[in-house]
Amino acid sequence: MPDLTIDGFVDDVARRSNIDPAAAETAVGTILSVIQQEASPSTVTQVFDHLPGAADLAQKYVVVAGSGTGMGGALSSLAGKVIGADAGVMVAAVAQIEQTGLKLEQIKNIGGGLLSYIKDIDPALAKELGETVPGLREHLA
């Protein structure tokens, strides 16, 4: 399976999930930001190599744990109650994506699609990602 560009992947997510392309971009970019922050540098490099443009998208949607105020803070607080206050970056990521109007089930479907894509291309990389970022599958996929 040839590697997709990140734009192609986001377009595919939006189409398959029947969601707004901007919401799909936010969700994918936010999940990539979590991977960038939580996975080992070599894992991040490998994931991003399989999705040209992923590093730029992750930078566009940087997740900052504990920075939520106002509506974002309220969403972060709600997400903290749902998935546990110790989740840090994961809570902030869910809150950031929820601001697009996506529901937790939709977010998990998008994250699951991203992990499935990685697994199809490189099963060992997908396994390594799951091991280095154990909360990813639990909270965002």
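- In plain terms, the two heavy atoms of Ala14 and Pro21 that are nearest each other are CB-CA, 3.8 Å.
- What you find for Val62 and Gln96 is that their closest heavy atoms are O-OE1, 3.4 Å.
- Here the shortest heavy-atom pairing between Gln36 and Phe48 reads NE2-CE2, 3.7 Å.
- Listed for the Glu98 side chain is no donor-acceptor partner under 3.5 Å among the backbone atoms of Lys103.
- With respect to Val63, the side chain to side chain contact (heavy atoms under 4.5 Å, CB included) criterion is satisfied by exactly one of Val94, Val91, Val89: Val89.
- Counting heavy atoms from C-beta outward, His50 and Leu125 have side chains that approach closer than 4.5 Å.
- Using a 4.5 Å heavy-atom cutoff, the side chains of Lys60 and Glu25 are in contact.
- A heavy-atom distance below 4.5 Å is found between the side chains of Leu114 and Ile35.
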Test Lys108 against Leu104 for side-chain contact (heavy atoms from CB on, under 4.5 Å), laying out the working first.
CA-CA 6 Å; Lys108 287 184 169 222; Leu104 191 55; 4.3 Å; yes
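- Under the 4.5 Å side-chain criterion, counting only non-hydrogen atoms from C-beta, Glu38 is not in contact with Leu136.
- Of the possible polar contacts, one joining the Ser17 side chain to the Val13 backbone as a donor-acceptor pair under 3.5 Å is found.
- Nearest heavy atom pair, residue Ser42 against residue Glu128, reads OG-OE2, 3.9 Å.
- Contact annotation: the side chain of Leu32 approaches that of Ile6 to within less than 4.5 Å [non-hydrogen atoms, C-beta and beyond].
- Using a 4.5 Å heavy-atom cutoff, the side chains of Ile118 and Val47 are in contact.
- Within 6.0 Å of CZ on Arg15 lie more than 12 heavy atoms contributed by other residues, nucleotides or ligands.
- Closest approach of Ile110 to Ala27, counting heavy atoms only: CD1-CB, 3.8 Å.
- At a threshold of 4.5 Å between non-hydrogen side-chain atoms, the residues Lys127 and Thr132 do not count as touching.
- At least one side-chain heavy atom of Phe9 sits less than 4.5 Å from a side-chain heavy atom of Leu51.
- Without hydrogens or angle criteria, Ser116 side chain to Gly112 main chain gives a donor-acceptor distance under 3.5 Å.
- No donor-acceptor distance shorter than 3.5 angstrom exists from the side chain of Thr30 to the backbone of Ile97, with no hydrogens or angles considered.
- The shortest heavy-atom contact between Leu102 and Ala23 is CD1-O, 3.9 Å.
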